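Notes for the one structure printed next.
A quick note: this is a predicted structure, and the numbers were derived from the prediction, not measured. Every chain is numbered from 1, with letters handed out A, B, ... down the list of sequences.
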Amino acid sequence: MRLASFNVNSIRVRLPHLRRFLARHAPDVLFLQELKCRTEQFPTADLAETGYAMHALGQAGGRNGVAVLSRLPFAVTAEALPGDPADEEARYLEIEAAGIRMAGIYLPNGNSGGAAGFAFKLRWMERLLAQTRAHLDAFRPFAILGDFNVCPTDADLAPGLLAPTDALVHPEVRSRFRALLWSGMTDAAAALGQHPFTYWDYGPAFEANRGLRIDHALLSPELAERLQGFGVDLLARAEEQPSDHAPIWVDLAD
DNA sequence: ATGCCGCGCTATGCGCGA
């Protein structure tokens, strides 16, 4: 089984890249982030020919937005992370497919909005931890894929690319990422000894390979036992008019 | 220490992304 994630940075602009990724890597389930469209603008009809079933969660104002494409039957189990009724941002989509709970996330960046924006990121991570614990306590196989906006360690970014106070590497943020790992989740790439970059700024960064590892797949223990491989689709990042993120995928034994 | 890109928007500069 192949699970994948792709921050498209506008689904309407990146529709051709999405099609090519599906053709190249044929994921069973693919989570998308940064749709930058409203729910009704998601190109469901354009993608119908791919054979994937879809569920999109857009947002007014062209911000955020997450979706899932699946060729396995699935049920939507959550369209928001519990714990903050005032949070109406489209950043969390959870499904159950093949007996596995899977969450696609677009974790807040935390660099904008001043102290309140950073605090929102920390609270969001604490809510994600609570949701993770609830699933693990119930012995539900659980996978989290998406744009975490966290470089977990110094091996996960080009040296000197970010200031130590940046919200992607801030100690308080890394601490909360580690709490997810301590709860029982396995960082799939790191478990395979890989720290591949998944994001490069527009401009010369990709050619110079000055990037960040911020897109991750986290697996509950029973899924980690099935971990067979992890990959980053560099071709998608090398194409014309790319997203600033590359798609990632994780392979699990059937 | 940073947005020189890229995207969306009741636009024609700004906020945001990382």
Side-chain angles (χ1 to χ4, degrees), chain A residues 5-18 21 31-43 46 56-67 87-92 104-122 124-125 128 145-174 176-177 189 195-216 232-234 236-248:
Chain A
S5 172
F6 186 14
N7 179 322
V8 292
N9 188 18
S10 169
I11 185 59
R12 288 172 287 181
V13 174
R14 236 63 71 185
L15 197 51
H17 307 71
L18 170 58
F21 173 69
F31 291 99
L32 302 177
Q33 302 89 36
E34 279 209 85
L35 303 181
K36 291 191 170 180
C37 70
R38 299 186 301 275
T39 301
E40 65 272 20
Q41 292 176 307
F42 187 82
D46 291 332
L57 194 58
Q59 186 176 317
R63 304 260 297 278
N64 307 321
V66 289
D87 174 14
E88 296 184 344
E89 299 191 1
R91 295 180 177 275
Y92 187 89
I105 73 166
Y106 178 43
L107 206 149
N109 177 304
N111 278 315
S112 64
F118 186 66
F120 178 67
K121 178 176 192 171
L122 296 183
W124 207 95
M125 296 186 80
L128 181 60
L145 287 91
D147 178 359
F148 283 67
N149 274 319
V150 179
C151 300
T153 72
D154 286 344
D156 299 311
L157 73 164
L161 193 56
L162 299 177
T165 53
D166 190 286
L168 277 64
V169 298
H170 194 286
E172 294 280 359
V173 167
R174 284 181 165 173
R176 281 158 180 79
F177 185 88
H195 292 266
F197 296 150
T198 65
Y199 164 91
W200 300 259
D201 196 2
Y202 290 112
F206 183 64
E207 192 171 298
N209 195 29
R210 290 179 60 79
L212 309 172
R213 185 172 82 95
I214 54 176
D215 298 272
H216 307 297
V232 178
D233 183 27
L234 298 178
R237 185 62 183 77
E239 288 171 342
E240 291 297 312
Q241 204 177 9
S243 168
D244 41 6
H245 293 252
I248 65 166

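The closest side-chain donor-acceptor pair between A:D147 and A:Q33, if any, does not fall under 3.5 angstrom. Residues A:K121 and A:N109 have side chains that never bring a donor and an acceptor to within less than 3.5 angstrom of each other. For the residue pair A:N9 / A:Y202, a side-chain donor-acceptor distance below 3.5 Å is found, with atom types taken as modelled.
Whole-Å rounding puts the A:H170 NE2 to B:dA18 C1' distance at 16 Å. Taking atom CG of residue A:L107 and atom C1' of nucleotide B:dG17, one finds them 14 Å apart after rounding to whole Å. The separation between A:D244 atom CG and B:dC7 atom P is 9 Å, rounded to whole Å. What separates CH2 of A:W200 from C1' of B:dG3 is a distance of 19 Å, to the nearest Å. Whole-Å rounding puts the A:F148 CZ to B:dG17 C1' distance at 18 Å. Taking atom CD of A:E34 as the reference point, atom C1' of B:dA18 lies 9 Å away to the nearest angstrom. The nearest whole Å value for the distance from the CZ atom in A:F118 to the C1' atom in B:dA18 is 14 Å. Atoms CZ (A:R38) and C1' (B:dC9) sit 11 Å apart, rounded to a whole Å.
Applying the salt bridge (charged side-chain N to carboxylate O under 4.0 Å, His left out) definition to pairs two or more places apart or across chains, those involving residues 149-164 of chain A are A:D154-A:R174, A:D156-A:R213.
A:Y106 has no side-chain polar atom (N or O) that falls below the 4.0 Å cut-off from OP1 or OP2 of B:dC16. The side chain of A:N9 places no N or O atom within less than 4.0 Å of a non-bridging phosphate oxygen (OP1 or OP2) of B:dG6. Put simply, A:Q241 has no side-chain N or O that comes within less than 4.0 Å of OP1 or OP2 on B:dC5. For B:dA18, the OP1/OP2 oxygens have a side-chain nitrogen or oxygen of A:H245 closer than 4.0 Å. Checking the phosphate oxygens (OP1, OP2) of B:dA18, a side-chain nitrogen or oxygen of A:N7 falls inside 4.0 Å. Put simply, A:S10 has a side-chain N or O that comes within less than 4.0 Å of OP1 or OP2 on B:dG8.
A:R14 comes within 4.0 angstrom of sugar-phosphate atoms only, judged by non-hydrogen atoms across all strands, and of no base. Across all strands, A:D215 comes closer than 4.0 Å to no nucleic acid atom at all (heavy-atom distances).
Across B:dG13 and B:dG3, the matching C1' atoms stand 15 Å from one another, rounded to whole Å. Spacing of P atoms, B:dA11 relative to B:dG6, comes out at 23 Å, to the nearest Å. Spacing of C1' atoms, B:dC4 relative to B:dC9, comes out at 22 Å, to the nearest Å. With P as the reference atom, B:dA1 and B:dT12 are 33 Å apart, rounded to whole Å. Between B:dT2 and B:dG8, the distance separating the two C1' atoms is 23 Å to the nearest Å. Taking atom P in both B:dG15 and B:dT10, one finds a spacing of 14 Å when rounded to whole Å.
Crowding of A:E207 atom CD: a count of heavy atoms from other residues, nucleotides or ligands under 6.0 Å not exceeding 12.
For A:F206, the ring-ring contact (aromatic ring centres under 6.0 Å, His included) test picks out A:W200, with sequence neighbours left out. Scanning for ring-ring contact (aromatic ring centres under 6.0 Å, His included) contacts around A:Y199 gives A:H245, with sequence neighbours left out. Under the rule for a side-chain hydrogen bond (donor to acceptor under 3.5 Å, both in side chains), A:R12 has no partner lying at least two apart in sequence or in another chain. With sequence neighbours left out, the side-chain hydrogen bond (donor to acceptor under 3.5 Å, both in side chains) criterion links A:D201 to no other residue. Partners of A:T198 under the side-chain hydrogen bond (donor to acceptor under 3.5 Å, both in side chains) rule, at least two apart in sequence or in another chain, are A:D215. The ring-ring contact (aromatic ring centres under 6.0 Å, His included) check on A:F21 picks up A:H25, with sequence neighbours excluded.
The stretch residues 149-165 of chain A comes close to DNA chain B through A:N149, A:G160, A:L161, each having a heavy atom under 4.0 Å from the strand.
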Do any N or O atoms of the protein come closer than 3.5 Å to N or O atoms of nucleotides 12-15 of chain B, and which pairs are they?
none

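In this structure, A:I11 and A:G113 both approach DNA chain B, and ranking their closest nucleotides by distance from the 5' end singles out A:I11.
Side chain of A:R12, nearest nucleotide from B:dA18, B:dG8, B:dG17: B:dG8.
For a distance-only test at 3.5 Å, the side chain of A:D201 fails to qualify as a donor-acceptor partner of the base of B:dA18.
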